[in-house]
Protein chains: 2
Amino acid sequence: MASWSNLSKATFLRLATDRAPIMKRVLVGRRITAAEAFDIRFPTSEHLDGSDAVHTDPDYSAAYVILQTDAGDGVEGHGFCFTLGRGNEIEVAALEALIPLVVGLDLAEIVADSRSFSRLLTQDSQMRWLGPEKGVVHMAAAAVTTAVWDLASKVAGKPLWKYLADLAPEQLAAMVDYQYLSDVLTEDEAVEMLRRAESGKGARERLLLEHGYPAYATSPGWLGYSDSKLVRLCREAVDDGFTLIKLKVGGSIEDDQRRLRLAREAVGPDVLIAVDANQKWDVGEAIEWMGQLASHSPYWIEEPTSPDDILGHAAIRRAVAPIKVATGEAVQNRVVFKQLLQAGAIDIMQIDATRVAGVNENIANLLLAAKFGVPVVPHAGGVGLCELVQHMAMLDFVAISTEMEGRSIEFVDHLHEHFVDPVVVTDGCYVAPSRPGFGSQIRRASLDEFRYPTGPAWRGTTAR
Amino acid sequence: MASWSNLSKATFLRLATDRAPIMKRVLVGRRITAAEAFDIRFPTSEHLDGSDAVHTDPDYSAAYVILQTDAGDGVEGHGFCFTLGRGNEIEVAALEALIPLVVGLDLAEIVADSRSFSRLLTQDSQMRWLGPEKGVVHMAAAAVTTAVWDLASKVAGKPLWKYLADLAPEQLAAMVDYQYLSDVLTEDEAVEMLRRAESGKGARERLLLEHGYPAYATSPGWLGYSDSKLVRLCREAVDDGFTLIKLKVGGSIEDDQRRLRLAREAVGPDVLIAVDANQKWDVGEAIEWMGQLASHSPYWIEEPTSPDDILGHAAIRRAVAPIKVATGEAVQNRVVFKQLLQAGAIDIMQIDATRVAGVNENIANLLLAAKFGVPVVPHAGGVGLCELVQHMAMLDFVAISTEMEGRSIEFVDHLHEHFVDPVVVTDGCYVAPSRPGFGSQIRRASLDEFRYPTGPAWRGTTAR
C-alpha cells in the first residue's frame with residue numbers, strides 16, 4: 001500500500017534527480033533562480049460586477065507570482081490564485097513562504113516528478129498545520145504550480161491542455177497524489193482509465209480545434225444588477241450563442257422569482273437557466289427555497305449551502321430532483337470531491353483552477369469525476385479563471401472523460417483585457433488556445449497599474 | 001427560517017449598540033483602542049518534542065494578539081492561535097487583516113452580541129473567500145475571539161469556564177452561529193438542552209472544584225523518542241496518576257508493535273493506551289494497520305486518515321470496532337463536526353481551542369456532541385492549548401453535556417512555564433482555574449525572548 005511521507009526540499013531534490021534524465025530529453029534543464037510575489041487587485045466592486053448573495057462587493061484580485069530561470073531566453077512562469085480583495089495580502093504572505101521551496105529547483109526535475117513537487121508545496125511538515133490542504137496555503141500552492149506548468153508548457157512550445165493531453169497515460173497518472181483517494185481511485189486504475197481514453201484521442205482533438213468547447217454565461221445574472229441590465233444582458237447572451245445562462249439567487253425570494261421570470265422571457269423556452277445561491281442557505285432553507293423556484297425549471301442549483309456539507313448536499317439533491325445540484329468552486333481539495341461523489345451529493349462537479357492545489361490536484365478531480373460518470377462544468381470568472389480552467393476542461397475531453405455532452409465552461413466577460421493570451425469565446429464556445437503556456441500571464445502594464453496599494457489604480461483610494 | 005447575511009463593521013456597530021444596554025449592567029463600557037500581533041516561536045524541534053508520523057519537526061508557535069482598551073486599568077485581552085513554526089508569519093498577516101475589524105469596538109457591544117461579532121470575523125464579504133471558515137483565516141479568528149473572551153472574563157473577575165457557565169441558557173445559546181447547523185441543531189433546541197442542564201449545575205461545579213477534571217498523558221509517546229525514554233515516561237505517567245496515555249503510531253508497523261508492547265509492560269494492564277496516526281493513512285491502510293495492532297487493545301485510534309474524510313472515518317469505525325475512532329484537532333469547523341456525528345464516524349470528538357474560530361464555535365461543537373451523546377475529549381498540547389481548552393471542557397461538564405464519564409483533557413507537559421496562569425495538573429487531573437481570564441496570557445519576558453525572528457532565542461539561527 002502507498003506510504004506517504006512529507007518531503008523536505010533536500011529529499012525532493014534527491015528523488016527528482018534520479019528521475020530527471022527521462023524528462024531531460026524533452027525539457028532543457030533550466031533552474032528556477034528567482035520568484036517574486038505581487039498583490040494585484042482590480043476595483044470591481046465599483047460596479048458590483050461579481051456581486052452575489054454572499055459576496056456583495058468583491059474586488060477581484062490575484063496573489064501573483066513570476067518565476068525566473070537561468071536559461072537566458074526571457075521565458076517566465078506566471079501563476080496566481082484568485083481572491084476577492086481584502087486578505088489578498090495574506091495569500092501573498094503564503095506565496096512568500098512557498099517561494100524558498102521552489103527557488104533552486106530545476107524545471108526538468110519538477111516535471112519529472114510533479115507529484116512529489118506538489119507534495120513539497122502541500123505537505124511541508126510545519127506548514128501543513130495551516131491547512132492541511134485547504135484555504136490560504138493550498139491556494140498559494142495553486143499559484144506556484146500554475147506558474148510551473150505555465151513555464152513548462154511555454155518551454156515545450158504547447159498550450160497546456162495539449163501538452164498534458166500528449167503525455168502518456170502513465171505520465172499523466174503519475175502527476176496525481178493518490179493519498180486519501182485509494183479507497184476509490186488507485187494509480188493503476190487511473191492508468192487503465194487513461195489508456196482506455198487513448199482511443200479516439202486524435203479525433204477529439206480535431207473536434208475541439210474545429211468547434212471549441214461550450215461556454216455558459218454568468219455575466220447577466222449578478223445580484224447587484226438592475227432588472228433592465230439583467231434583461232439586456234440575457235438577450236445579448238442568446239445573441240452571442242449561449243444556450244445556458246446563470247442567475248445569482250438567495251437575496252430575496254420575490255426578487256428571485258421576478259428575475260427568473262424576466263430572464264425566461266428574455267431568453268425564450270430553449271435556453272437553460274441555472275441558479276447559484278453562493279452558500280447562502282441551510283439545508284432545510286435550500287430545499288424550501290428551491291421548491292418555490294421549481295416552477296421556473298432551473299437547470300441546476302449551485303452552492304445551495306456550505307461547500308463543506310457533503311451530507312447536506314446529498315439531502316438537498318434527494319429533495320430537489322430533477323433540479324440538478326452543483327458545487328465545487330469552494331471545495332477545498334480532492335478529499336471533499338471524493339466524498340461528494342461517494343455520497344451521490346452532486347450532479348455536476350465544478351472544479352476551480354486555483355482553489356485546490358492547481359493542475360495536479362485538478363487532474364485527480366477530473367479522474368474522480370470520470371470514474372463516477374459525473375460531468376465537470378468548471379467554475380470560472382473572477383480574474384483569469386477562464387484563462388486557466390479552459391485548459392483543464394479541454395484536457396478532460398481529449399484525454400480523460402472523453403465526453404463533452406452536458407459539459408460547458410463558465411464564462412464571464414470581465415478583465416480578460418489584462419491577459420497576454422486572453423480567452424476567445426465565439427458563438428457560445430471557447431476557442432482552444434494555441435499559444436504555448438497556461439494563459440496565466442497578466443500584461444506588465446496591468447501588473448503595474450493594479451498593484452496594491454501602490455499602483456496608479458489604487459493611488460488616493462483608501463483600503464476597501 | 002434564519003437568514004444569514006454578512007456583516008460590515010458599520011452594521012455590527014448598529015446592531016450591537018441596540019443590544020448593548022443589557023450587558024452594560026455587567027461590563028463597564030471599554031473600547032478596544034489598539035491591537036498588536038506578534039510572531040512567537042519556540043524551538044521545540046531541537047528535542048523532537050511533539051514529533052509524530054506526519055509532523056516530524058515542529059517548532060511550536062503562536063500567532064499572538066494583545067488587545068488594549070481605553071479603561072486605563074491596564075487589563076489586556078490576550079489571544080493566539082497555535083501553529084508548528086514555518087508559516088506562523090502567514091497567520092500573523094491574517095491577524096493583521098482582522099485587527100481593523102476589532103479596533104474601535106466596545107467590549108460590552110461585543111459581549112452583548114458575540115454571535116454577530118464572530119460573523120464579523122468569519123464572514124467578511126471579501127475575506128471569506130480565503131476559507132470559507134477554514135484554515136489560516138479561521139485560526140486567526142480564533143486568536144481574536146480568544147483575546148476578546150480573555151478580556152471579558154478578566155473584567156468580569158472570573159475564569160472563563162465559570163464566566164460562561166454562569167450565563168443564562170439563552171445567553172449561552174445566543175453565542176452560537178447556527179448557520180449550516182439548523183438541520184440538526186436550532187437555537188431553540190440549544191436553549192432547551194441548556195435549560196435541562198441547569199439542574200444540578202451547582203453540585204457539578206463543586207465536584208469540579210474539589211476533584212478537578214481528568215487528564216490523559218501524551219508526553220510519553222512522541223515518535224521521535226527512544227524506547228528507554230518512552231518506558232521511563234510511561235512509568236512516570238502512571239506514578240503521576242494518569243489512567244490513559246497515548247502513543248504516536250504510523251511510522252512503521254514493527255516500531256508500533258514494539259512500542260505498544262513496551263508501553264503496556266510499563267503501565268500495566270489497567271491503564272488505557274490510545275494511539276494516534278496523525279492523518280498518516282488512507283482508509284484501507286488504516287483498517288489494515290489497526291488490524292495488526294488490535295491485539296494490543298488500543299483504546300482509540302486518533303486521526304487515522306484525512307480530517308476531511310467524513311465517510312472514510314465512518315468506514316474505518318465500522319471496520320475497527322471495538323477500537324474507538326477519534327478525531328478533531330484538524331477538523332476545520334462545526335460543519336464538519338456536524339457531519340462526523342451525523343455519519344456515525346466518531347466515538348470521541350476532539351475539539352481544539354484554536355483550529356475552529358474559537359470559543360463561540362466550540363460552544364456549537366459542544367452542543368452538537370451533547371446532542372449526539374458523543375463524549376468530547378479535547379486536543380491539547382502545543383503551546384497554550386491546555387491552558388485554553390480546559391475552560392471548554394469544564395464548561396461542558398458544568399453547563400452543557402453535564403457528563404465527565406469517559407471524558408478527559410489531553411495533557412502534554414511542555415511550555416507551560418511561559419504562561420502567566422499555567423495549567424495545574426495533579427493526580428492525573430486538571431485543577432479548575434480560579435484566576436480571572438482565559439489563561440491565554442504569555443509572560444512578557446517569554447514574548448520578548450521568543451519573538452521571531454528578532455528575539456534572543458532566535459538570534460544567530462537561520463530560519464528553520
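Letters A, B, ... are given to chains in the order of the sequence lines, protein chains preceding strands, and every chain is numbered from 1.
Annotation: side chain of B:D282 is not in contact with side chain of A:D183 (no heavy-atom distance under 4.5 Å).
The cationic atom of A:R355 (NZ for Lys, CZ for Arg) lies less than 6.0 Å from the six-membered ring centre of B:W129 and within 45° of the ring axis.
With hydrogens and angles disregarded, no donor-acceptor distance shorter than 3.5 Å links the side chain of B:Q342 to the backbone of A:L311.
Here the straight-line distance linking atom NZ of A:K280 with atom CD of B:Q179 works out to 8.0 Å at 0.5 Å rounding. With rounding to the nearest 0.5 Å, the separation of OG1 in A:T83 from CD in B:Q126 is 8.0 Å. Between atom CG of residue B:D309 and atom NZ of residue A:K338 there is a gap of 3.5 Å, rounded to the nearest 0.5 Å. Summarising the geometry, atom NZ belonging to B:K134 is positioned 9.5 Å from atom CG belonging to A:N333; distances are rounded to the nearest 0.5 Å.
Ranked by heavy-atom pairs under 4.5 Å with chain A, the list B:V335, B:V136, B:V336, B:D308 is led by B:D308. Interface check for chain B: of the options A:G85, A:C81, A:S306, A:G87, the most heavy-atom pairs under 4.5 Å are formed by A:S306. With chain B as partner, the option from A:N88, A:L130, A:V283 having the largest number of non-hydrogen pairs under 4.5 angstrom is A:L130. For the set B:Q279, B:H138, B:E89, B:M127, the entry with the most heavy-atom pairs within less than 4.5 Å of chain A is B:Q279. Considering only heavy-atom pairs separated by less than 4.5 Å from chain A, the leading option among B:V92, B:L181, B:L98, B:D57 is B:D57. If you tally non-hydrogen atom pairs under 4.5 Å between each of B:A97, B:A315, B:A94, B:G135 and chain A, the highest count goes to B:A94. Among the candidates B:E91, B:M139, B:Q332, B:E133, the residue making the largest number of heavy-atom pairs closer than 4.5 Å to chain A is B:Q332.
Within the 4.5 angstrom heavy-atom criterion, only side-chain atoms of B:P307, from C-beta onward, approach chain A.
Shortest non-hydrogen contact noted between B:I310 and A:Q339 is N-OE1, 2.7 Å.
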